[in-house]
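Here is the structure we will look at, set down as structure tokens.
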Amino acid sequence: MRFVIIGAGRVGLRTARVLREEGHEVTLIERDESAVRRARNQEFEVIQGDGAREPLLEEAGISDADALGALTSDLNVNFAACMIGKHHGCRTIMRIDEDYREEIYRKYADEVDEVIYPERLGAMGAKNALLGGTIRAIADIAQHLQVVELTITPEAPVRGYTISELQLPADATLLAFGKENGTLAIPTADESLEVGDRLVVLADFDVLSDVRQILVGEPARNMATDGGLEAGTGSDSSTHSSEPRDPHNGGH
């Protein structure tokens, strides 16, 4: 596939390297002279200039590109480049810094194919390393929504129950289920929950600790320290009992 990436900084250049290693064709657009030299030293095709200008995007081959990644730290440049890319019919991915408010995210998310937060993606990798094997963050869907994969442990209150008997909190939904070492699939009602089974759940940050307690069996208070919640978004640990909850009462 062919890709055009705006920005040859840390995020853009690393992304370009990964794509090239997988056999794809990549052209970079970058304003900063030192960043241009660095990318060219790594044998990338680089066009120096403003990635928000259509003539430079056309020179980079935007008309034939499968996707455009606007990965600079400048939101305005990223958005303008994506609008040009959209006009040329390619997929558009826009970087946005995490300190922007939710309403700003929604405004731009409606106009491009995908919005990424490099800081959040990096934090998610660190979070998964800290969490170990019982819970793994897959994606942040919105400011207060996350998709997580949890693994049933010997201490899980739901071990031995079936999917039909599982009751999660109101703000959590089971998306997929997989037996240990099996593939994930749409859950069926009569599947039994055994040690090593994996469940993918979409949940509000406020109920993630309850979900973890039901499916993993660890005290809810751990979620505030090692569950990877953003500061200020987790539930107050003092409001949760450390005793496992009955999965039939919905975690409340």
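Excluded from the calculations below are hydrogen atoms, water molecules and symmetry mates; all remaining heavy atoms, backbone and side chain alike, are included. FYI, the numbering just counts along the sequence from 1.
Closest non-hydrogen pair, Leu184 versus Ala176, comes out as CB-CB, 4.3 Å. Across all their heavy atoms, Leu168 and Thr173 have their closest contact at CD1-C, 4.3 Å. For the pair Gly7 and Leu28, the tightest heavy-atom approach, listed with the atom from each and the gap, is O-CD2, 3.8 Å. The two residues Arg212 and Leu150 come nearest to each other via the heavy atoms CA-CD2, 3.8 Å. Across all their heavy atoms, Leu56 and Ile29 have their closest contact at O-CD1, 3.8 Å. Looking at every heavy atom in both residues, Arg159 comes nearest to Pro154 through NE-O, 3.1 Å.
Judged by distance alone, the side chains of Thr72 and Asp74 never bring a donor and an acceptor atom under 3.5 Å apart. Side chains of Arg17 and Gln42: a donor on one and an acceptor on the other come within 3.5 Å. Under 3.5 Å, the side chains of Glu54 and His87 contain no donor-acceptor pair of N or O atoms.
Looking only at side-chain heavy atoms (C-beta outward), Arg40 and Glu45 stay at 4.5 Å or farther from each other.
In summary, Lys179 and Glu194 do not engage in a salt bridge, as defined by a charged side-chain N under 4.0 Å from a carboxylate O.
In this structure, the side chain of Asn78 engages the main chain of Arg95 through a donor-acceptor pair within 3.5 Å. Formation of a donor-acceptor pair under 3.5 Å by the Glu191 side chain with backbone atoms of Thr188 is not found in this model. A donor-acceptor pair is defined here as one N or O able to donate and one able to accept, closer than 3.5 Å; such a pair exists between the side chain of Thr153 and the backbone of Val216.
In the hydrophobic clustering of ILVMFWY residues, with side-chain heavy atoms under 4.5 Å counting as a link, Val211 and Ile152 come out together.
Taking CZ from Arg31 and CD1 from Ile47, the interatomic distance works out to 15.0 Å, rounded to the nearest 0.5 Å. How far CD of Glu30 is from CG of Leu71: 11.0 Å, rounded to the nearest 0.5 Å.
A cation-pi geometry, defined here as NZ or CZ lying under 6.0 Å from the six-membered ring centre and within 45° of its normal, holds between Arg20 and Phe44.
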